[in-house]
Colleague: 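Shown below is the structure under consideration.
Quick note on labels: first sequence line is chain A, next is B, and so on, each numbered from 1.
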Amino acid sequence: MALVGRDVTMVGGLAKVTGAVNYAPDLQFPRMLYAKALRSPYPHANILRIDTAKAEKLPGVVAVITQDDLHGLNPYFGPVVDDQPVVATERVRHVGEVVALVAGESREIAEEAVGLIEIDYEELPAVFDILEAIKPDAPVLHAQRKETTAGVHREEFNFQVGGNVCSVYHVEDGDIKKGFLEADEIIENTYTLPPVQHGHIEPHAATAYWEPSGKLVLHTATQNPSGIQEQLAQIFKLPENQVRVIVPLVGGGYGGKTHARLEPALALLARKARRPVQWVLTRDEVFLTGRRYGALVKIKTGFKRDGRILARQVEAFYEIGAYALNGPVNAKTGCYVSSGPYNIPNRSLTTYSVYTNLPPTGPFRGVGVSHVCWAYESEMDDIARRLNVDPVELRLKHLVRERDIFVTGEELISVGVTDCLCRTAEAIGWKGKEEQAVPPEKKNLLRGKGLAVAIKSTTTPTTSSASVRLNADGSAVLLTSSVEIGQGLLTSMAQIVGEELGLPFERVTVSSPDTDVTPYDKSTSSSRTTFHMGQAAQQAARDVKNQLLDVAAKKLEARIEDLELRDGSVSVRGVPDKKMSIAEIFRTRFGSTVGSMFGGYCFKTAGGLDPETGKGKAAAFWFFSACGAEVEVDVETGKVRVLKAVTAADAGHAIHPKQCGLQNEGSLLSGMGSALFEEMVYDNGQPINSNFLEYMLPSLEDHPQEFQSILVETPHPDGPFGAKGVGEAALPPVAPAIGNAIANALGGVRIRDLPIKPDKLVAALQAEKENR
Amino acid sequence: MKINISTTLNDRTLEVSVYPNQTLLEFLRDDLCLKGSVEGCGVGVCGSCTVLVDNRPVSSCLMLATDAAGKRITTIEGLGRNGALDPVQEAFLKHQAFQCGYCTPGMIMAVKGLLLNNPHPTESQARDYLSGNLCRCGTYVEVLAAVQELAGR
Amino acid sequence: MRRFELAEPQTLEEACALLNDDGDAKALAGGTALLTLIKHGIFIPKTLVNLKKIGGMSGIDYDRQRGLRIGALTSIYDVESSPLVCQYYPWLAEACHLVANIRIRNMATIGGNLAHGDYQSDPPTALVALDASVDLTRGTGTRQIKLSEFLLGSYETALQPGELLSALVVPPPDSWRGTYIKFTTGSSEERPCAGIAALLRMEQGICRDLRLVVGAVSPRPVRMHHAEEFARGKEISEAVLQTIGAEASRVVDPIDDLRGSASYKRQLVGVLVRRALAAVIH
Ligand SMILES: Cc1cc2nc3c(=O)[nH]c(=O)nc-3n(C[C@H](O)[C@H](O)[C@H](O)COP(=O)(O)OP(=O)(O)OC[C@H]3O[C@@H](n4cnc5c(N)ncnc54)[C@H](O)[C@@H]3O)c2cc1C
């Protein structure tokens with residue numbers, strides 16, 4: 001192929017290396033005001049009184065909004081549950097909740113005005129711990145809960161009424177009781193993961209204004225323009241065409257920008273101020289706005305002495321903070337993969353999403369899967385150690401293969417997980433059982449290798465639509481609402497369209513999302529863009545191609561099947577002289593060489609699960625990955641260094657291999673951070689490390705000296721040119737691979753609570769010594 | 001009250017007045033509309049606001065604009081001559097040393113600072129020097145490759 | 001950032017007078033610590049007194065008799081890269097090099113680092129080991145006190161209102177051999193969880209003198225006087241290292257924080273002290 005599968009020059013690079021990109025915080029509009037939020041200092045409290053008079057009198061303050069400005073609106077929103085108020089109403093449920101929002105002529109004025117707002121609160125009992133939150137006597141965050149009418153397929157969740165459990169999900173197969181009865185051995189453990197930050201270096205940022213006609217315009221750094229449009233239309237009771245969402249290049253998302261965060265309150269403020277208002281969060285505020293769920297995962301596995309795993313039971317609790325956001329989706333997505341990419345005859349898998357008085361969460365690269373993968377992949381190594389077998393062998397014996405039936409009852413296709421594991425093992429220099437040898441005595445620096453694999457679904461069913469406009473000069477533009485967040489879709493989509501239309505790469509451009517112009521897309525999340533939007537783009541291009549061929553067939557008096565479209569011309573295969581340029585086709589069809597030809601396609605995936613049984617079709621495609629790590633553990637200080645890391649993902653067919661490799665590198669980096677030190681810490685609901693001085697992202701010095709990315713290619717029949725998504729694939733196995741490497745270095749001593757910080761490691765080694 | 005200063009920005013002398021509480025980053029972005037330097041953390045950790053002051057990288061989010069007085073400031077917009085890219089920019093393009101690009105101008109300025117200070121850094125020197133510029137997308141390997149090429153190694 | 005006034009004195013006298021006359025005014029050097037506090041709303045300023053327009057407050061001199069003199073406004077990078085410091089006090093250069101990142105080191109001043117009094121710092125540990133002193137001035141007249149007496153606790157120093165730190169004075173290195181170890185528990189970029197400075201004078205395999213300072217674990221750097229005494233006159237065997245490490249562990253009173261639990265830090269100090277000494281010897 002001319003374009004697909006090649007590392008063409010990444011689009012937008014020139015703007016990026018010259019600082020010419022206008023990201024959301026860079027935008028400027030005439031008469032623009034600046035927003036600043038007043039946030040709750042309490043984790044749970046009733047709002048007794050708000051007095052904004054002093055703030056409103058401060059020169060330069062143009063508008064202030066509070067709960068008193070919500071009349072006439074649908075004041076609650078959310079992607080799955082309508083439980084988030086546009087601004088806090090009557091009650092605050094987490095530290096940092098927005099109680100008032102001020103628009104001022106400058107950031108300083110807005111900030112000063114925030115300090116002048118008076119509020120009386122009545123503190124309420126609060127709950128922060130997952131297991132505390134599900135107790136019957138725990139303070140309840142949401143007395144009533146309303147399901148949203150927007151977005152996701154809410155019928156797939158089992159919402160709970162009362163208490164803090166937001167949703168429950170369950171799927172099983174075989175007979176779990178019988179499985180455990182037949183097992184020779186059973187191991188059972190609890191694993192935990194703290195909340196972590198997405199860490200997009202660009203903070204959340206948006207600008208809103210209202211046109212005189214009553215149309216809302218939002219420029220926002222979101223991964224989800226269609227979703228924002230839908231939610232804002234609902235809140236303001238507008239038809240969707242009266243909400244225009246425009247998205248510039250986004251400075252990193254990783255899931256953190258998938259749902260409405262700033263937009264609802266900002267739109268309301270702009271309406272009151274009657275001027276454009278920009279809201280850019282400080283880093284501290286980002287910490288109060290979104291994060292990855294914390295989780296507690298209980299896992300129990302029964303196996304035979306001959307190495308057959310018979311039964312696995314998982315019960316996972318996701319701590320979703322004060323509002324649901326996509327918590328139930330997360331719990332569902334985590335549930336059916338919680339026994340791993342393995343064939344295990346008897347399974348019982350249950351997940352819960354649980355409210356607490358902590359800041360809101362949201363999707364995070366690897367939605368829900370990293371949590372259970374941390375548990376099941378650590379457990380696999382423990383089982384191998386118990387059985388005294390090579391953990392790779394143990395995995396290979398159980399890994400799912402092509403056409404196996406998964407726990408959801410669906411047939412798996414494009415299953416490259418065995419390749420991912422084997423190639424990773426080879427790249428990391430895996431030597432088999434001896435990797436689990438007893439460490440030498442009296443050595444301070446111990447080395448170990450570890451491996452892990454993962455399986456994840458993409459959100460299903462969903463819709464992506466695209467349109468392609470071909471100009472008479474043979475240049476084309478793809479109109480799409482998918483968002484460039486660094487993953488390189490401006491490049492890969494141009495490759496797909498160019499390939500289909502036989503155009504040189506430079507002749508194809510890809511639009512930025514503007515919901516007035518670009519068609520619906522479910523969202524740039526769940527690693528779904530290459531597969532879904534890629535398919536929509538390819539089909540839209542094919543639509544144009546068919547129109548071209550139609551005209552040419554008549555003119556050239558040839559059959560369509562004999563025509564080929566290449567380098568901007570249609571020719572009869574084997575008869576190079578019988579040929580028409582795109583311009584000539586335009587002239588033939590329209591009488592002149594101006595104008596454009598449109599092609600469109602709406603790609604819908606089928607599927608969905610029965611919430612009662614958890615059975616059905618969970619994924620339009622599954623992605624598979626593996627990670628291998630070699631670490632050095634300083635047993636005296638507890639410090640771990642990752643010396644070498646390998647990540648592998650099954651890309652189906654890599655449209656742009658380099659970009660896929662970069663996704664693997666990003667996954668590694670993020671996974672390494674959460675394995676070794678990233679952790680958001682709260683003291684009674686108050687965040688105590690909500691800045692990059694105290695919460696650090698992995699640096700260049702932390703990055704392993706050796707890193708290798710592997711792309712396995714198992715073409716998927718429904719993907720464009722066989723392609724699947726890879727964005728999230730490699731992240732979930734990183735932490736367990738590192739954990740397994742550490743356990744191997746230490747002769748089996750295992751930390752089950754992330755992150756594996758030095759003090760925990762030293763304490764575990766000490767405990768081990770005392771037990772011996 | 002504003003303070004009058006004279007400074008050299010990207011080789012041009014400017015006489016400007018700035019607010020006492022204005023950071024250099026705010027001055028560049030708000031007053032001069034130079035948006036290439038961006039804020040990531042506001043506390044000198046992430047490096048996305050890196051500019052050169054007298055050829056040394058600093059965090060413009062923690063430097064007061066008044067302290068630019070009498071200094072030579074170089075921002076990402078000041079790299080390259082007559083429409084040609086700076087070699088560092090060329091190398092970043094060639095090695096695909098960015099994804100979302102938000103940290104990229106800061107990263108490029110840091111590399112610029114490194115090479116001005118040490119034209120032929122070893123890999124470990126480059127790691128040490130650049131480790132304070134954070135990239136969450138994960139392009140450290142590519143940045144290092146770009147630097148190694150520039151360093152002639 | 002919140003609004004504040006900025007005074008930009010040209011001389012030290014003027015600066016001290018400004019600070020003396022206005023109790024709410026605060027000195028601003030590199031700004032890397034102070035502006036962060038302001039941005040986080042921890043410190044709400046009315047007037048800042050910018051020291052950077054004052055002449056003659058930066059620079060490094062060395063004299064074989066008197067030692068090293070570093071102007072308070074000298075950037076941390078200038079300290080680490082000074083050929084004089086690298087030649088005579090390599091462990092001080094190392095402690096400075098390990099501070100933050102290149103940008104902060106270019107901006108932050110050594111005086112600001114000391115005056116800020118943050119216990120999670122690197123240079124103070126090395127400087128206390130070197131028995132450094134600071135010059136404190138009110139514009140008229142200067143007093144010199146030992147750094148170990150200047151650093152009183154977490155964010156607490158002996159600076160009086162209206163007083164500025166003008167210079168840092170480090171005695172000659174004589175025949176010390178030394179090292180500084182910074183240990184971080186998370187990212188390489190973090191502030192220290194512990195810092196160890198060890199200076200040793202050896203004669204024919206026997207320890208003639210030892211200076212051992214543990215920093216960043218408690219509110220101020222702690223000199224291990226007992227351990228130093230114990231080491232004197234001894235051959236530094238593995239057993240002696242163990243004893244010194246254990247002694248250091250015993251003496252420190254670590255703060256429990258995000259970088260590690262107190263009990264962990266106590267144990268860590270023992271390990272790092274041993275390693276620091278072993279590194280100096282080998
Ligand atoms: C991202 C980051 C990472 C860091 N990492 C480290 C690290 O790893 N190790 C480490 O040791 N430190 C670290 N630091 C701290 C850094 O070293 C200090 O912020 C810096 O040294 C302070 O110097 P300054 O000149 O910027 O002080 P300023 O911020 O200007 O002032 C700090 C305080 O000292 C006072 N002051 C300043 N100069 C004088 C003077 N001459 N006389 C009297 N009072 C004065 C000020 O009034 C203020 O109270 C880090 C800082 C940042 C921002």
Side-chain angles (χ1 to χ4, degrees), chain A residues 7 9-10 12-23 25-28 106-108 198-203 249-254 280 282-284 484-488 658-659 661-670 673 691-693 696-703 705 707 709, chain B residues 19 21-22 26 29-30 33-48 75-77 79-80 85-86 88-94 96-106 108-109 123-124 126-144:
Chain A
D7 289 337
T9 306
M10 213 167 159
L14 196 57
K16 285 175 179 173
V17 301
T18 54
V21 176
N22 282 319
Y23 294 99
D26 303 336
L27 301 178
Q28 272 182 332
S106 72
R107 285 184 287 265
E108 288 74 18
H198 297 87
H200 36 77
I201 310 282
E202 177 200 55
L249 295 193
V250 173
Y254 325 112
V280 180
T282 62
R283 181 55 54 182
D284 305 54
E484 174 63 64
I485 52 175
Q487 82 282 45
K658 178 68 191 175
Q659 287 181 174
L662 287 170
Q663 289 300 311
N664 279 355
E665 190 181 341
S667 287
L668 170 78
L669 210 63
S670 177
N691 59 63
F692 281 173
L693 285 164
M696 281 241 167
L697 312 178
S699 69
L700 186 43
E701 287 278 30
D702 299 326
H703 195 281
Q705 289 282 345
F707 166 72
S709 155
Chain B
Y19 288 104
N21 62 334
Q22 200 171 17
E26 288 168 333
R29 291 175 57 83
D30 298 345
C33 226
L34 294 174
K35 304 278 191 178
S37 312
V38 296
E39 178 159 313
C41 70
V43 292
V45 178
C46 75
S48 50
T75 71
I76 187 76
E77 291 86 355
L79 293 195
L85 293 179
D86 185 274
V88 178
Q89 294 170 315
E90 293 278 11
F92 268 59
L93 276 178
K94 176 172 166 196
Q96 180 64 77
F98 50 84
Q99 290 187 53
C100 81
Y102 200 73
C103 71
T104 307
I108 287 176
M109 295 316 287
E123 178 176 325
S124 82
R127 276 179 179 261
D128 178 61
Y129 196 96
L130 300 173
S131 189
N133 281 71
L134 302 179
C135 166
R136 183 61 152 183
C137 291
T139 40
Y140 290 145
V141 173
E142 289 67 24
V143 169
L144 277 182

Colleague: Please find the pair of heavy atoms, one from A/Leu700 and one from B/Arg127, that lie closest to each other, and give the distance.
Modeller: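 Reported closest heavy-atom pair: O-NH1, 2.9 Å.
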
Colleague: Just by distance, do the side chain of A/Tyr23 and the backbone of B/Tyr102 share a donor-acceptor pair under 3.5 Å?
Modeller: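 Yes; judged by distance alone, with no hydrogens or angles, the pair exists.
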
Colleague: For side chain to side chain contact (heavy atoms under 4.5 Å, CB included), just list the numbers for B/Glu39 and A/Val280, CA-CA rounded to whole Å, side-chain angles, deciding distance to a tenth of an Å, and then say yes or no.
Modeller: CA-CA 10 Å; B/Glu39 178 159 313; A/Val280 180; over 6 Å; no

Colleague: In terms of heavy-atom pairs under 4.5 Å with chain A, which of B/Gly36, B/Gly138, B/Cys100 leads?
Modeller: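 If we count pairs closer than 4.5 Å to chain A, B/Cys100 comes out on top.
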
Colleague: To the closest 0.5 Å, what do you measure between OG1 (A/Thr18) and CD1 (B/Ile76)?
Modeller: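 That separation rounds to 7.0 Å.
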
Colleague: Heavy-atom cut-off 4.5 Å, strictly under: side chain, backbone, both or neither for A/Leu662 against chain B?
Modeller: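 It is both, since atoms from each part get that close.
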
Colleague: What part of B/Val38 is in contact with chain A, defined as an atom under 4.5 angstrom from a non-hydrogen atom: side chain, backbone, both or neither?
Modeller: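 Answer is side chain: those atoms of B/Val38 sit under 4.5 Å from chain A.
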
Colleague: What residue in A/Gly252, A/Gly251, A/Pro203 has the most heavy-atom pairs under 4.5 Å with chain B?
Modeller: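 Looking at each option in turn, the highest pair count goes to A/Gly251.
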
Colleague: Need one label for B/Glu123: side chain, backbone, both or neither, based on atoms under 4.5 Å from any heavy atom in chain A.
Modeller: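 For B/Glu123, side-chain heavy atoms alone lie under 4.5 Å from chain A.
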
Colleague: Considering all heavy atoms of both residues, which atom of A/Asp26 and which atom of B/Lys35 are nearest to each other, and what is their separation?
Modeller: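 Between these two residues, the closest heavy atoms are O-CE, 3.2 Å.
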
Colleague: Which atom pair, heavy atoms only, marks the closest approach of B/Cys46 to A/Phe692?
Modeller: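 Nearest heavy atoms, B/Cys46 then A/Phe692: CB-CD1, 4.3 Å.
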
Colleague: Is chain A contacted by the side chain of B/Asp128, its backbone, both, or neither, given a heavy-atom distance below 4.5 Å?
Modeller: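 Both the backbone and the side chain of B/Asp128 come within 4.5 Å of chain A.
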
Colleague: Quick one: what part of A/Gln28 sits under 4.5 Å from any heavy atom of chain B, side chain, backbone, both or neither?
Modeller: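 The side chain, not the backbone.
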
Colleague: Please list, chain by chain and in numerical order, all residues satisfying ring-ring contact (aromatic ring centres under 6.0 Å, His included) with A/Phe707, sequence neighbours excluded.
Modeller: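 Residues passing ring-ring contact (aromatic ring centres under 6.0 Å, His included) with A/Phe707: A/His703.
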
Colleague: May I ask you to name which of A/Pro25, A/Gly661, A/Gly673 has the most heavy-atom pairs under 4.5 Å with chain B?
Modeller: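 So the answer, after comparing A/Pro25, A/Gly661, A/Gly673, is A/Pro25.
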
Colleague: For B/Tyr140 versus A/Pro698, what's the shortest heavy-atom pair and its separation?
Modeller: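 For B/Tyr140 and A/Pro698, the tightest heavy-atom pair comes out as OH-O, 2.9 Å.
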
Colleague: Can you tell me which portion of B/Cys41 sits under 4.5 Å from chain A's heavy atoms? Options are side chain, backbone, both or neither.
Modeller: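 Both the backbone and the side chain of B/Cys41 come within 4.5 Å of chain A.
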
Colleague: Which atoms of B/Ile108 are under 4.5 Å from chain A, going by heavy atoms: the side chain, the backbone, both sets, or neither?
Modeller: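 Interface part for B/Ile108: side chain.
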
Colleague: Which bit of B/Cys33 is near chain A, if near means a heavy-atom gap under 4.5 Å: side chain, backbone, both or neither?
Modeller: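 When you check distances to chain A, only side chain atoms of B/Cys33 fall under 4.5 Å.
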
Colleague: Which atoms of A/Leu668 are under 4.5 Å from chain B, going by heavy atoms: the side chain, the backbone, both sets, or neither?
Modeller: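 Interface part for A/Leu668: neither.
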
Colleague: Which region of B/Ser48, side chain (C-beta onward) or backbone (N, CA, C, O), has a non-hydrogen atom less than 4.5 Å from a non-hydrogen atom of chain A, or is it both or neither?
Modeller: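 Side chain of B/Ser48 only, per the 4.5 Å heavy-atom cut-off to chain A.
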
Colleague: So what's closer than 4.5 Å to chain B heavy atoms on A/Thr282: side chain, backbone, both or neither?
Modeller: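 No part of it gets close to chain B.
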
Colleague: Between CD1 of A/Ile201 and SG of B/Cys135, what distance do you get to the nearest 0.5 Å?
Modeller: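 Answer rounded to 0.5 Å: 7.0 Å.
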
Colleague: Shorter than 4.5 Å, heavy atoms on both sides: which option in A/Asp702, A/Asp7, A/Leu693, A/Ile485 has the most such pairs with chain B?
Modeller: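 That would be A/Leu693.
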
Colleague: Measure distances from B/Leu85 to the heavy atoms of chain A and classify the residue's part below 4.5 Å as side chain, backbone, both or neither.
Modeller: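 Only the side chain of B/Leu85 comes within 4.5 Å of chain A.
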
Colleague: Under a 3.5 Å distance rule, please check whether B/Gln96 uses its side chain to pair with a backbone N or O of A/Lys658 as donor and acceptor.
Modeller: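 Between the backbone of A/Lys658 and the side chain of B/Gln96 there is no qualifying donor-acceptor contact (under 3.5 Å).
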
Colleague: If only atom types and distance count, is the side chain of B/Arg136 paired as donor or acceptor with the main-chain N or O of A/His200 below 3.5 Å?
Modeller: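 Such a contact is absent between B/Arg136 side chain and A/His200 backbone.
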
Colleague: Carefully, step by step, assess B/Val43 and A/Arg283 under the rule side chain to side chain contact (heavy atoms under 4.5 Å, CB included).
Modeller: CA-CA 9 Å; B/Val43 292; A/Arg283 181 55 54 182; over 6 Å; no

Colleague: Counting distance only, does the side-chain N/O of A/Lys16 pair as donor-acceptor with the main-chain N or O of B/Gln99 below 3.5 Å?
Modeller: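 Yes, because the side chain of A/Lys16 sits within donor-acceptor range (under 3.5 Å) of the backbone of B/Gln99.
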
Colleague: Considering all heavy atoms of both residues, which atom of A/Leu697 and which atom of B/Leu134 are nearest to each other, and what is their separation?
Modeller: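 So the two residues come closest at O-CD2, 4.1 Å.
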
